[in-house]
Amino acid sequence: MKGQSLVELLIALGIFVAASGVAVSLLIAGYLPGLQARENSLALLLAEEGLENARITRDNNWNSLSLGIQEEDLSLKLTEGKRKLTVESAGTDRKKVILEVSWKSFLNQSRKIELKTYLTNWQKQSD
Amino acid sequence: MAKAIRLKNGFTLVELLIYTAIVGGMLAVSLSFAWQIIRGEIKMRAFREVQANTDFAMTKIAFALRDGQDPSGFTVSSGILYQNGLALTTTQVRVVNLQFTSVSNAYKINLEIGYYNPTSRPEYEAAVALETTVVPRY
């Protein structure tokens, strides 16, 4: 018996299919960070935009940067995208600003980016 | 006697046909896999090129505007973005949209870049659109 039986051939085929399946899934897994990067850079810029908007408010009138939480819909730009601005008091003429952008990734996972900064009442006239 | 030996060592026509069918099927499946992977790689490369260009251009624009520079320093000529005459994007991509909108004393920036694809081939179709707002620092 020198030849291969059908069973041997099928086993060989099975090993081949399993190996190429692993190779393909690794390849696909390698693409995911690249696709994730697109959402991340978009979300980061939207988060920075939110902080800059708070800064605009601060520059116009310190008092209109009111304490509390404000939510904004970003679903046109990111799936279930939301931008949440939280302003907390951090002493006299100082406010802590937290900006959170959350969305659903293309793999349907919840993702979020959070940026924090302190804004001061730098235009205040001394008495 | 001679007949028995011939039967033991050779292939029958059915065995040959089964073998050919299996190998043919395997080849067809692996070739289509390979083709998909190659196309995917081409598309990802186009996408990465666009992503890198858009990120870089947006960073440069935001930095310049925060620094108080005027947006007129950024110009688009036949799809290539220039900052004061220096190219910021590669020849592999084309700027589809660059828009500055004045908001209070800040600028809203809209930037969209696509892969250079004059023949409209689907594997080269890649575009990234970004937007942000930047306040000049005093």
Side-chain angles (χ1 to χ4, degrees), chain A residues 1-6 8-10 12-17 19-21 23-28 30-61 64 74 76-78 81 83 99 101 115 117 119 122-123, chain B residues 8-12 14-15 18-19 21-23 25-27 29-30 32-34 36-38 40-41 43-59 61-62 65-66 102-112 126-138:
Chain A
M1 281 275 275
K2 280 182 186 166
Q4 287 146 320
S5 70
L6 189 62
E8 283 172 324
L9 189 70
L10 287 176
L13 202 78
I15 293 172
F16 174 77
V17 167
S20 44
V24 168
S25 69
L26 278 177
L27 246 150
I28 292 171
Y31 290 152
L32 297 183
L35 297 169
Q36 199 76 262
R38 168 193 228 152
E39 292 179 350
N40 278 354
S41 71
L42 179 60
L44 180 63
L45 285 164
L46 289 171
E48 282 173 5
E49 178 172 58
L51 273 191
E52 298 285 87
N53 284 339
R55 200 176 275 270
I56 294 172
T57 312
R58 187 275 312 262
D59 287 342
N60 288 338
N61 183 356
S64 26
L74 292 179
L76 285 177
K77 289 150 197 162
L78 288 166
R83 181 155 62 189
L99 202 292
V101 168
L115 299 178
T117 193
L119 292 179
W122 67 282
Q123 285 169 315
Chain B
K8 224 176 184 178
N9 289 345
F11 293 108
T12 66
V14 176
E15 278 172 334
I18 292 172
Y19 172 78
I22 291 172
V23 169
M26 250 168 75
L27 268 176
V29 169
S30 18
S32 75
F33 258 146
Q36 292 288 331
I37 288 164
I38 291 166
E41 188 56 42
K43 187 139 189 147
M44 274 313 282
R45 190 175 303 178
F47 172 70
R48 278 196 295 263
E49 182 71 22
V50 172
Q51 180 79 54
N53 270 282
T54 318
D55 280 342
F56 178 71
M58 200 54 153
T59 308
I61 294 171
L65 296 193
R66 278 208 180 96
S102 202
V103 190
S104 242
N105 44 20
Y107 289 103
K108 186 174 179 68
I109 310 159
N110 281 84
L111 175 65
E112 186 178 352
V128 171
L130 293 178
E131 63 171 88
T132 195
T133 299
V134 164
V135 187
R137 305 301 196 256
Y138 297 92

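Atoms considered below: every heavy atom in the structure, side chains included; atoms not considered: hydrogens, waters and symmetry mates.
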Chemist: So which of B/Gln51, B/Arg48, B/Lys108, B/Glu15 has the largest heavy-atom pair count under 4.5 angstrom toward chain A?
Modeler: B/Gln51

Chemist: Locate the shortest heavy-atom distance separating A/Leu13 from B/Met26; write the atom from each residue and the value.
Modeler: CD1-SD, 2.5 Å

Chemist: What part of B/Thr54 is in contact with chain A, defined as an atom under 4.5 angstrom from a non-hydrogen atom: side chain, backbone, both or neither?
Modeler: neither

Chemist: B/Ala129 versus chain A, heavy atoms under 4.5 Å apart: side chain, backbone, both or neither?
Modeler: backbone

Chemist: Minimum heavy-atom separation for A/Gly34 to B/Phe47, with atom names?
Modeler: O-CE2, 3.2 Å

Chemist: So does A/Tyr31 have more than 12 non-hydrogen atoms from other groups sitting under 6.0 Å from OH?
Modeler: yes

Chemist: Of all of A/Leu6, A/Val17, A/Ile28, A/Leu35, which one pairs up most often with chain B through heavy atoms under 4.5 Å apart?
Modeler: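 Ranked by heavy-atom pairs under 4.5 Å with chain B, first place is A/Leu35.
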
Chemist: Is there a salt bridge (Lys or Arg N to Asp or Glu O under 4.0 Å) between B/Arg137 and A/Glu52 once you walk through the steps?
Modeler: CA-CA 11 Å; B/Arg137 305 301 196 256; A/Glu52 298 285 87; 3.1 Å; yes

Chemist: Where does A/Leu42 contact chain B at under 4.5 Å (heavy atoms): side chain, backbone, both or neither?
Modeler: both

Chemist: Of the options A/Ile56, A/Leu51, A/Asn53, which is the one that meets B/Val135 in a side chain to side chain contact (heavy atoms under 4.5 Å, CB included)?
Modeler: A/Ile56

Chemist: Applying side chain to side chain contact (heavy atoms under 4.5 Å, CB included) between B/Leu130 and each of A/Leu44, A/Leu46, A/Leu45, report the one that passes.
Modeler: A/Leu45

Chemist: If I take atom CD1 from residue B/Ile109 and atom CD from residue A/Glu49, how far apart are they, to the nearest 0.5 angstrom?
Modeler: 9.0 Å

Chemist: What part of A/Ser41 is in contact with chain B, defined as an atom under 4.5 angstrom from a non-hydrogen atom: side chain, backbone, both or neither?
Modeler: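 Contact with chain B: backbone and side chain both.
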
Chemist: Heavy atoms only, distances under 4.5 angstrom: which of B/Val134, B/Thr133, B/Ile18 has the most pairs with chain A? Name it, please.
Modeler: B/Thr133

Chemist: Could you give the distance from CD (A/Glu48) to CZ (B/Arg66), rounded to the nearest 0.5 Å?
Modeler: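 Between A/Glu48 CD and B/Arg66 CZ, I get 5.5 Å after rounding to 0.5 Å.
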
